[in-house]
**Q** 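This is the structure I want to talk about, given as structure tokens.
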Protein chains: 2
Amino acid sequence: MQMIKLYDLAGRDETVRFSPFCWRTRLALAHKGLPVETVPWRFTEKDVIAFSGQGLVPVLVDGGRVISDSWAIARYLDDTYADLPRLFANEQARALTAFVNDWTDTVLNPAVRQIILPDIVPLLHDKDRAYFIASREKRFGLKMNAYKEKRDSFLAQASTCLAPLRLVLARQAYLGGGQPSYADHVAMSAFIWSKICSPVRLWSVGDPLAIWFERMFSAHESVMRGARFQW
Amino acid sequence: MQMIKLYDLAGRDETVRFSPFCWRTRLALAHKGLPVETVPWRFTEKDVIAFSGQGLVPVLVDGGRVISDSWAIARYLDDTYADLPRLFANEQARALTAFVNDWTDTVLNPAVRQIILPDIVPLLHDKDRAYFIASREKRFGLKMNAYKEKRDSFLAQASTCLAPLRLVLARQAYLGGGQPSYADHVAMSAFIWSKICSPVRLWSVGDPLAIWFERMFSAHESVMRGARFQW
């Protein structure tokens with residue numbers, strides 16, 4: 001059987017893998033104990049993943065199957081490898097995880113992104129830089145050099161957004177309860193992204209988020225060891 | 001066996017029951033098919049529930065047991081009446097519901113509250129009004145007459161907060177998946193509160209939230225029929 005292959009966003013240095021969506025998949029694969037061969041991919045290499053019918057990573061290739069979109073990949077992995085440790089304990093847990101996934105996409109990731117966006121630019125491959133700056137300035141309506149001036153207010157906004165996550169993780173070890181679940185992978189991927197791309201710290205020692213992050217790191221040490229954190 | 005008793009916040013008109021926290025419990029009881037006798041209670045009747053060791057409703061009395069705090073009550077009901085329809089399908093689902101509960105407490109309820117707060121005042125029992133105004137002005141730092149002027153910006157903020165809920169409910173019938181779960185009760189209670197207290201609409205026809213709300217209403221019709229909605 002061929003090893004699962006994952007097209008994974010990379011920086012100029014191909015060991016810098018910073019996409020939060022790809023990290024969801026990498027954590028999910030580690031959770032299930034599935035080995036994976038990652039293929040470094042850059043934003044402008046749309047032709048390389050054209051076989052997937054769209055232009056974004058993660059793209060997972062498993063034998064003859066091609067799956068894109070991190071949520072579709074998580075469902076595919078849990079359905080296909082049902083005997084390996086589950087990402088979703090049952091249907092209700094999967095439905096509730098969909099809320100965590102949508103909250104991360106619409107609240108947590110945007111809050112983190114506005115803090116770290118300018119710090120991503122120097123990490124990019126030369127051929128990606130102009131594309132990245134132009135597409136992000138257009139999408140988010142803010143010039144790349146305006147982000148750092150607003151960082152204090154962005155940090156305050158992030159702190160407000162993080163309130164429900166902090167509260168729940170002060171009372172339980174993981175979003176999934178006593179064990180990590182895909183909801184934890186999704187939320188953690190935002191912080192991995194942040195720690196790889198930017199030196200700006202999002203928590204202090206003793207923060208429930210810091211303690212949870214350390215637990216998650218230990219529980220996924222094989223894959224986490226390769227992360228290139230700045231803090 | 002004695003019927004379960006619930007101390008439930010009431011307005012001047014004792015049929016107006018508007019506490020979002022009490023509604024979580026009422027929906028949970030309806031979900032489990034447990035009959036309940038509600039006792040109308042006003043904010044200033046702290047002495048009436050002093051036996052619970054604290055001063056907030058819901059307070060549930062089940063035989064010799066007294067439980068306060070809506071989350072503790074939900075856990076108690078699901079553990080004690082484990083053979084009746086479950087609020088939490090398993091431990092992971094309960095842990096993920098805790099996130100929905102904390103998100104509702106820290107994001108959804110505050111977003112709704114700043115829209116509806118001044119409309120609550122005329123519904124209150126005379127003896128509660130001065131207490132309510134003084135305690136809320138102190139807690140939230142805004143004079144009661146300043147809320148309506150800011151309503152447009154509060155509505156815009158609420159729309160942003162509701163984004164993840166809208167997204168997920170556009171794809172699945174309930175937060176819990178194919179069937180309502182306690183996560184649905186928690187989120188719905190914020191909107192019941194809004195619809196009872198204020199004429200300000202939070203959605204238009206065809207909104208995924210509107211469709212989900214109607215589904216939830218039908219699924220809990222016995223208890224919902226008594227709600228006194230303004231829209």
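Below, chain A is the first sequence line, B the second, and so on; all start at residue 1. Computed from a predicted model, the values in this text were never measured in an experiment. Side chains included, hydrogens not; waters and symmetry mates left out as well; all remaining heavy atoms used.
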**Q** Is A/Arg166 close to chain B through its backbone or its side chain, or both, or neither, when contacts mean heavy atoms under 4.5 Å?
**A**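 Neither part; nothing is under 4.5 Å.
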
**Q** So does B/Lys46 have more than 12 non-hydrogen atoms from other groups sitting under 6.0 Å from NZ?
**A**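 Buried by this count: over 12 neighbours within 6.0 Å.
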
**Q** Taking CG in B/Asp152 as the centre, count heavy atoms belonging to other residues, nucleotides or ligands within less than 6.0 Å. Is the count above 12?
**A** no

**Q** Ignoring hydrogens and geometry, is there a side-chain-to-backbone donor-acceptor pair from B/Glu91 to A/Gly177 under 3.5 Å?
**A** no

**Q** Please name the pair of heavy atoms, one in A/Ala95 and one in B/Gln172, separated by the smallest distance, quoted to 0.1 Å.
**A** O-NE2, 3.0 Å

**Q** Rounded to the nearest 0.5 Å, how far apart are CG of B/Leu96 and OH of A/Tyr182?
**A** 13.0 Å

**Q** Please rank A/Ala183, A/Ala163, A/Gly176 by heavy-atom pairs under 4.5 Å with chain B and give me the top one.
**A**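 Most heavy-atom pairs within the cutoff with chain B belong to A/Gly176.
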
**Q** Between B/Thr160, B/Thr104, B/Leu165, B/Asn101, which residue shows the highest count of heavy-atom pairs closer than 4.5 Å to chain A?
**A** B/Leu165

**Q** Name the orientation class of the two ring planes belonging to B/Trp103 and A/Phe99 (parallel below 30°, tilted from 30 to 60°, perpendicular beyond 60°).
**A**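 Ring orientation, 0 to 90° scale: perpendicular.
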
**Q** Quick check on B/Arg94 against chain A: is it the side chain, the backbone, both or neither that has a heavy atom closer than 4.5 Å?
**A**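 No part of B/Arg94 comes within 4.5 Å of chain A.
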
**Q** Would you confirm whether A/Gln92, through its side chain, and B/Ser181, through its main-chain N or O, come within 3.5 Å as a donor-acceptor pair?
**A**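 Answer holds: no.
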
